[in-house]
Amino acid sequence: METNNTITPEIQALANRLKRGTSGIAPANGIEEKLLKFQRTGKPLNIKLGLDPTAPDIHLGFAVVLRKLRQFQDCGHQVIIIIGDYTALIGDPSGRSATRPMLTAEEINQNAKTYVDQLSVILDRDKTQVRFNGEWLGELDFAATVRLASRMTVAQVLQREDFANRYANHQPIGLHELLYPLAQAYDSVAIEADVEMGGQDQTFNILAGRELQKEMGKDQQVGLFMPILVGLDGVKKMSKSIGNYVGIRESPDSMFGKLMSISDTMMRDYFILCTDVPEEEVAALIQQAESGEVNPKDVKRRLAREIIAIYHNAEAGERADREWHRIHAAGEVPADMPEYALKDGDSTEGEIWVCRLLVVTGMAKGTGEARRLVTQGGVSFNGEKVADPQAQYALEALENAVLKVGAKRYTRLRV
RNA sequence: GGGGAGAUUCCCGAGUGGACAAAGGGAACAGACUGUAAAUCUGUGGCGUAACGCUUCGGAGGUUCGAAUCCUCCUCUCCCCA
């Protein structure tokens with residue numbers, strides 16, 4: 001090994017910081033090597049992240065990857081966001097087999113703009129470049145596409161978990177979907193990516209990028225994988241469509257409430273992936289929670305405050321904590337809650353039926369559900385449990401009244 | 001191109017003429033217990049002021065007193081062979 005290729009303690013320390021929370025790196029010593037390359041050439045590394053131009057929704061799960069990118073930027077590197085306007089023609093085959101609606105150019109542009117807007121909450125805009133992959137994919141003619149496709153085998157593509165599962169379960173797989181990893185791999189070739197970031201579920205795509213770069217005589221990128229942040233339900237990947245997410249622009253109170261509802265076993269991952277609390281400290285906190293030395297609830301409060309401090313500020317975290325205790329320990333009603341202004345058609349002869357009230361406020365999907373909620377004792381009106389599903393309320397009694405369903409859903413009424 | 005299997009409620013999956021708004025499981029929701037955690041237990045299960053009411057079982061027609069179940073055509077998927 002040449003002298004200027006030696007991994008100094010400084011480089012190792014930096015690499016270790018960049019590796020925090022990652023679930024995999026391909027190849028294992030890739031980060032160190034790329035850092036050496038940077039040292040040698042002085043040229044910032046190209047850190048790639050590919051995005052689907054679907055409606056942006058930045059939540060903690062997505063932020064895991066973005067925060068990692070930010071770390072690279074802070075070390076002087078260049079982030080290249082690739083908006084997959086062309087790959088959107090295919091639609092990432094991950095997840096369901098339902099065909100995705102085609103997006104128009106305007107929609108894609110609009111979404112891209114929104115993305116950049118939201119990304120800048122976490123990323124350093126000056127070190128973020130946004131490219132559309134139609135720029136190069138759009139240039140490929142059929143012959144070039146075929147040549148490209150010849151570099152990968154069906155067996156390789158079928159290794160990918162999504163495909164393998166769908167194949168095993170007799171689910172349809174469109175031929176064009178097989179091209180997705182290839183198209184994404186070509187992005188890496190086109191921008192000469194040094195590192196490609198992605199969730200664990202992008203493993204195949206990212207490795208395909210490495211393969212293709214090698215095939216085409218380019219420097220191979222390093223794949224840096226982040227674990228998939230499990231959503232609030234504790235089972236599935238955090239995503240907006242499932243609804244098990246915490247949006248990075250949510251109010252402190254909302255974030256706090258949601259974070260307090262995660263299971264204890266998820267705390268460690270959330271600490272590591274969503275906060276900057278040092279790893280040793282996280283380990284200590286978790287250990288204390290597990291041994292019963294500290295009430296796990298208090299560790300979770302800390303977690304919630306840490307996260308709120310990132311997206312709002314520390315003070316907001318404290319406030320949310322106090323508010324949460326006021327509501328849950330003291331049983332008081334929250335300061336903020338959705339409001340519903342009654343409309344003309346909602347009442348009859350100055351009175352409104354509870355079940356109807358639940359339906360119009362959106363707290364129950366239908367009368368049947370509303371009836372059930374009341375019968376089961378899940379509904380209270382101004383703090384008093386509603387026992388009778390036939391109960392009627394006079395309009396005058398409704399102004400400013402608080403309707404509560406279940407443990408945590410409130411609506412304030414307006415007449 | 002030939003042969004076979006299939007499409008059921010949020011998901012998986014039973015159901016082959018009436019007892020089916022449709023088994024069972026999962027998810028979800030509510031209650032109890034808690035720390036708005038986990039686990040456990042109980043309850044709910046389309047809509048509907050609830051009614052022997054209305055609309056559901058890929059789509060459109062048909063047979064029948066009666067269809068998720070039978071017939072015809074259509075759409076989509078999977079498997080095997082070529």
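Chain A is the first sequence line, chain B the second, and so forth, proteins listed ahead of strands; every chain is numbered from 1. Below, all heavy atoms of this structure are taken into account, side chains as well, without hydrogens, waters or symmetry copies.
- Between B/A22 and B/U9, the two C1' atoms lie 8 Å apart (nearest whole Å).
- Contact check for A/N46 versus A/V195: no side-chain heavy atoms found under the 4.5 Å cut-off.
- Nucleotides B/U63 and B/C11 have their P atoms positioned 33 Å apart, rounded to a whole Å.
- Shown here, B/U9 forms no base pair; nothing in the strands shown gives a Watson-Crick or G-U wobble contact with both key distances under 3.5 Å.
- In this structure B/U34 sits in no base pair that meets the Watson-Crick or G-U test at under 3.5 Å.
- Distance CG (A/L259) to P (B/A37): 14 Å, rounded to an integer number of Å.
- Atom-to-atom distance recorded for A/Y245:OH and A/L60:CG is 11.0 Å, nearest 0.5 angstrom.
- Nucleotide B/U63 is matched to nothing when pairs are restricted to Watson-Crick or G-U wobble geometry with both distances under 3.5 angstrom.
- Taking every heavy atom of residues 402-415 of chain A and every atom of RNA chain B, pairs under 4.0 Å involve A/G406, A/K408, by number.
- Atom P of nucleotide B/A39 and atom CG of A/D264 are separated by 11 Å, given to the nearest angstrom.
- Under the 6.0 Å distance and 45° angle rule, A/K240 does not count as a cation-pi partner of A/F62.
- Salt bridge status for A/R301 with A/D298: present, with a side-chain N to carboxylate O gap under 4.0 Å.
- Between A/Y393 and A/F381, the ring center distance clears the sub-6.0 Å criterion.
- Between the C1' atom of B/A28 and the CG atom of A/L232 lies a distance of 15 Å, rounded to the nearest Å.
- Ion pair A/E323/A/R326 flagged as a salt bridge, since at least one NZ, NE, NH1 or NH2 atom sits closer than 4.0 Å to an Asp/Glu carboxylate oxygen.
- Between A/M266 atom CE and B/A38 atom C1' the separation is 11 Å, expressed in whole Å.
- Taking every heavy atom of both residues into account, A/F225 and A/I25 meet most closely at CD1-N, 4.2 Å.
- Distance A/D233 CG to B/A38 C1': 14 Å, rounded to the nearest Å.
- Of the residues in residues 358-397 of chain A, those with a non-hydrogen atom less than 4.0 angstrom from any atom of RNA chain B are A/G366, A/T367, A/G368, A/R371, A/R372, A/L373, A/Q376, A/G377, A/G378, A/Q390, A/Q392.
- Contact check on A/K48 versus A/D194 returns no salt bridge, with no Lys/Arg side-chain nitrogen under 4.0 Å from an Asp/Glu carboxylate oxygen.
- When the shell of 6.0 Å around NZ of A/K113 is examined, it contains 12 or fewer heavy atoms from other residues, nucleotides or ligands.
- B/U8 and B/U55 have their P atoms separated by 22 Å, with the value rounded to a whole Å.
- Between A/N244 atom CG and B/C10 atom C1' there is a gap of 15 Å when expressed in whole angstrom units.
- In this structure, the OH atom of A/Y270 is 12 Å from the P atom of B/A38, given to the nearest Å.
- Within residues 272-301 of chain A, the residues approaching RNA chain B are A/P296, A/K297, A/K300, by heavy-atom distance under 4.0 Å.
- Taking atom P in both B/A7 and B/C12, one finds a spacing of 12 Å when rounded to whole Å.
- For B/A82 and B/G18, the P atoms lie 43 Å apart once the distance is rounded to whole Å.
- When side chains are defined from C-beta on, A/D219 does not count as touching A/E192, because their heavy atoms never get closer than 4.5 Å.
- Within a 6.0 Å radius of CG in A/D124, other residues, nucleotides and ligands contribute more than 12 heavy atoms.
- In this structure, A/I173 atom CD1 and B/C76 atom C1' are separated by 16 Å, rounded to whole Å.
- More than 12 non-hydrogen atoms from other residues, nucleotides or ligands lie less than 6.0 angstrom from CD of A/Q390.
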